[in-house]
Number of protein chains: 2
Amino acid sequence: MAIGRPSSSSSQTPDPGAARRTSRARGIPEATVARLPLYLRALTALSERSVPTVSSEELAAAAGVNSAKLRKDFSYLGSYGTRGVGYDVEYLVYQISRELGLTQDWPVVIVGIGNLGHALANYGGFASRGFRVAALLDADPNVVGTAAAGLPVRHMDELEAIVAAQHVSIGVITTPPGAAQQVCDRLVEAGVTSILNFAPTVLTVPDGVDVRKVDLSIELQILAFHEQRKAGDEPAAGDSVLDRAPGPVRAAAAKLRRAAGGGKAAEQAKSAPTGKGPEDDLSAVMPA
Amino acid sequence: MAIGRPSSSSSQTPDPGAARRTSRARGIPEATVARLPLYLRALTALSERSVPTVSSEELAAAAGVNSAKLRKDFSYLGSYGTRGVGYDVEYLVYQISRELGLTQDWPVVIVGIGNLGHALANYGGFASRGFRVAALLDADPNVVGTAAAGLPVRHMDELEAIVAAQHVSIGVITTPPGAAQQVCDRLVEAGVTSILNFAPTVLTVPDGVDVRKVDLSIELQILAFHEQRKAGDEPAAGDSVLDRAPGPVRAAAAKLRRAAGGGKAAEQAKSAPTGKGPEDDLSAVMPA
DNA sequence: CCATCTTTGTGCACACGTTCACAAACGCAT
DNA sequence: ATGCGTTTGTGAACGTGTGCACAAAGATGG
């Protein structure tokens with residue numbers, strides 16, 4: 001089985017209109033942009049094995065997509081294939097890299113050096129694609145001064161200077177959720193215009209700033225949903241015949257629920273997981 | 001500015017048909033499922049502040065979506081609101097939790113205890129939503145026996161026994177990409193039917209197994225794309241007037257490229273990033 | 001009981017994304 | 001040159017997702 005939508009955990013502000021205006025300016029659909037990195041990865045693997053050309057069918061298989069989709073995606077970039085032959089691997093690697101902006105150097109700051117920050121600092125995938133960790137930052141004095149991935153952790157107060165000096169335009173937030181918005185504001189103020197947010201919080205940013213979100217727990221919840229379906233479970237026994245009934249019956253039920261302060265169903269929900277506050281999600285991970 | 005599609009980094013097999021068959025079985029669109037965790041997070045926050053009811057407008061703002069979309073999403077679950085009033089927070093928390101399958105306990109194994117594995121093991125967001133780390137596993141003898149997040153790291157060989165004993169149906173892969181498929185096969189063999197993959201690899205799984213993918217570097221690449229656009233850069237100078245030209249001109253250009261083994265463009269691409277192999281992405285992160 | 005105000009639930013139109021299917025383009029052998 | 005097999009590039013059909021805008025439903029006050 002394969003779960004649906006090729007997409008799901010990122011881009012916190014779902015405004016396709018805005019996206020369209022931005023990226024379709026020269027015509028590349030957002031969905032295509034999201035797949036380009038996949039193709040690029042598959043292509044680089046082929047390139048290392050010195051494969052000279054590849055057909056849309058083969059490449060699609062390697063990238064885990066359908067070949068028609070791949071061809072259409074490439075058609076937005078231009079006509080880079082040769083009919084009867086396929087695509088020149090090296091050439092395509094270059095074209096996609098260029099389109100994604102990976103032929104230039106992108107300095108990146110990572111804010112919040114807990115376990116996740118560490119993992120990202122060490123993440124080879126960054127360095128190998130034009131991204132360079134300009135600095136690791138944290139607010140916790142106990143963390144500042146330690147080293148991660150060969151780089152010293154510096155104090156948040158240096159942020160503005162670092163961003164200015166190295167022309168950093170991309171920031172990664174791996175702080176606890178409570179600190180995220182504050183850090184975000186400061187990044188934006190300092191001049192960062194693209195933010196990758198790992199904290200489970202909705203960030204508010206001014207126009208002109210892009211935010212993408214990666215939420216570790218959302219993915220797991222989506223899996224749980226499908227897993228539940230597989231088990232054949234109707235979502236649960238529940239008290240819910242009323243809920244699907246139309247008309248006055250439902251109204252009465254709603255009234256009852258409110259009167260009872262949520263009813264027994266709600267209490268059941270409250271006691272179900274650990275009693276811990278769910279918005280503290282990352283606090284265990286990030287010291288600062 | 002807000003980047004488009006609310007979605008983008010997960011679900012490695014983009015087969016909406018299959019997804020539809022699975023989740024629309026009782027009518028909930030995949031896009032809606034992906035947003036339910038967002039609503040749930042916002043609602044739990046309200047619940048902690050003891051807010052009794054919330055309007056679609058308020059909740060939508062808190063979750064970072066449009067209110068019409070939110071109402072439509074909820075309408076797939078049933079009619080849980082009260083006109084003129086809004087939604088009962090506690091009741092909605094329960095309904096969404098139930099729909100997502102979070103009212104039951106989901107034991108999870110994490111395979112590959114490097115930095116990322118550590119981060120996930122410590123991730124409060126798991127435990128607080130019905131997920132329980134059943135075991136941490138690694139193949140590296142140096143890692144086995146150490147502790148992470150209060151749990152001992154056990155050897156891969158115990159996998160089958162653990163999965164069977166604790167009825168684990170969800171596995172998380174945080175190994176280097178080279179080991180991912182092998183680990184995946186073993187998880188599936190042991191009985192795991194949902195996999196969350198952090199390794200930058202396309203996993204092949206039999207029917208009936210769900211895979212979702214979280215790719216840290218893809219998100220960054222998408223940001224770079226938009227950042228490049230903001231800079232007003234046409235993707236690069238390039239050699240590319242030919243590429244958009246139709247007809248025989250293009251054909252000739254393609255021929256030339258192939259003859260030259262990729263041409264100067266390709267070499268430029270090859271030397272652009274660090275010379276490191278891109279599929280080793282996670283090797284620095286994960287010891288095993 | 002009626003009038004008024006608020007907010008939900010949803011029909012509808014449109015935009016976006018995916019897939020099919022096929023003609024045009026190319027390499028290659030004869 | 002010509003014909004054959006292969007593979008691209010894309011027009012068109014379809015399905016999904018989004019957002020508007022409004023009627024229906026309930027709350028509230030007189």
Side-chain angles (χ1 to χ4, degrees), chain A residues 4-8 14-21 23-24 27-35 53-60 65-88 92 244 246-255 258, chain B residues 4-8 14-21 23-24 27-35 53-60 65-88 92 243-244 246-255 258-259:
Chain A
R5 312 230 64 238
S7 38
S8 174
D15 180 353
R20 207 45 47 154
R21 264 165 267 133
S23 35
R24 207 115 192 213
I28 302 179
E30 197 52 36
T32 295
V33 172
R35 280 188 295 267
T53 60
V54 65
S55 73
S56 64
E57 204 79 39
E58 295 167 320
L59 185 54
V65 303
N66 158 319
S67 71
K69 198 188 302 191
L70 177 140
R71 286 199 298 277
K72 180 143 285 188
D73 283 343
F74 286 175
S75 80
Y76 292 115
L77 307 185
S79 287
Y80 295 150
T82 306
R83 297 173 195 230
V85 176
Y87 299 91
D88 182 292
L92 205 46
R244 297 221 168 241
V249 188
R250 247 203 58 252
K255 190 166 192 171
R258 239 171 314 127
Chain B
R5 310 231 65 240
S7 37
S8 177
D15 179 354
R20 208 46 47 156
R21 265 166 267 133
S23 36
R24 207 119 194 210
I28 303 178
E30 198 50 37
T32 296
V33 173
R35 279 188 294 266
T53 61
V54 66
S55 73
S56 63
E57 205 78 41
E58 294 166 321
L59 185 53
V65 303
N66 157 320
S67 71
K69 198 187 305 193
L70 178 142
R71 287 198 298 275
K72 183 149 287 191
D73 283 342
F74 286 175
S75 80
Y76 292 115
L77 307 185
S79 287
Y80 296 150
T82 305
R83 298 172 194 232
V85 176
Y87 299 91
D88 182 291
L92 205 45
D243 301 319
R244 297 224 167 240
V249 188
R250 247 203 58 251
K255 190 165 190 172
R258 239 170 314 128

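Naming: A, B, ... by sequence-line order, numbering from 1 per chain.
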Enquirer: Checking contacts here: which listed nucleotide (dG9(C), dG11(D), dT18(D)) is nearest the side-chain heavy atoms of Lys72(A)?
Expert: dG11(D)

Enquirer: Among the nucleotides dT8(D), dT7(C), dG17(C), which one has an atom lying closest to any side-chain atom of Glu30(A)?
Expert: dG17(C)

Enquirer: Taking all atoms of both residues into account, what is the closest heavy-atom pair of Ser56(B) and Ser67(B), and its distance?
Expert: O-CB, 3.9 Å

Enquirer: For the residue pair Glu58(A) and Tyr87(A), establish whether any side-chain heavy-atom pair is separated by less than 4.5 Å.
Expert: no

Enquirer: OG/Ser55(B) to CZ/Arg71(B) distance, rounded to the nearest 0.5 angstrom?
Expert: 9.0 Å

Enquirer: Can you check the Leu70(B) CG to dT7(C) P distance for me, whole Å?
Expert: 14 Å

Enquirer: Think Ser56(B) has a side-chain N or O under 4.0 angstrom from the OP1 or OP2 of dT8(C)?
Expert: yes

Enquirer: For Asp73(B) and dG9(C), give me the distance from atom CG to atom P, rounded to whole Å.
Expert: 12 Å

Enquirer: Which one, dG9(D), dC26(C), dT8(D), comes nearest to the side chain of Ser79(A)?
Expert: dG9(D)

Enquirer: Between N or O atoms, less than 3.5 Å apart, protein on one side and nucleotides 3-5 of chain D on the other: list the pairs.
Expert:
none

Enquirer: Can you list the steps and then say if Asp88(A) with Thr82(A) is a side-chain contact (heavy atoms from CB on, under 4.5 Å)?
Expert: CA-CA 8 Å; Asp88(A) 182 292; Thr82(A) 306; over 6 Å; no

Enquirer: Counting side-chain heavy atoms from C-beta on, which of dG9(C), dT19(C), dC12(C) comes nearest to Tyr87(B)?
Expert: dG9(C)

Enquirer: Atom CD1 of Ile28(B) and atom C1' of dT16(D): how far apart are they, to the nearest Å?
Expert: 16 Å

Enquirer: Return the value, rounded to whole Å, for the distance between atom CG of Asp88(A) and atom P of dC26(C).
Expert: 15 Å

Enquirer: Take atom CZ of Phe74(B) and atom P of dG17(D), then tell me their distance rounded to the nearest Å.
Expert: 17 Å

Enquirer: So which atom in Val54(A) and which in Leu59(A) form the shortest heavy-atom distance, rounded to 0.1 Å?
Expert: CG2-N, 3.7 Å

Enquirer: When you get a sec, tell me which of dT18(C), dG17(C), dT18(D) is the closest nucleotide to the side chain of Arg35(A)?
Expert: dT18(C)

Enquirer: As a test of reading the structure: which of dG19(D), dG9(C), dT10(D) is closest to the side chain of Arg71(B), going by heavy atoms?
Expert: dG9(C)

Enquirer: I need the OH-P distance between Tyr76(B) and dT10(C), as an integer number of Å.
Expert: 10 Å

Enquirer: Closest nucleotide of DNA chain C for Thr32(A) versus for Ala68(B): which of these residues is on the 5' side?
Expert: Ala68(B)

Enquirer: Measure the distance from NZ on Lys69(B) to P on dG9(C) and round it to the nearest whole Å.
Expert: 18 Å

Enquirer: CG/Asn66(A) to CG/Asp73(A) distance, rounded to the nearest 0.5 angstrom?
Expert: 10.0 Å

Enquirer: dT10(D) C1' sits how many Å from Tyr80(A) OH, rounded?
Expert: 17 Å

Enquirer: What pair of heavy atoms forms the shortest contact from Gly27(A) to Tyr76(A), and how long is it?
Expert: O-CD2, 3.7 Å

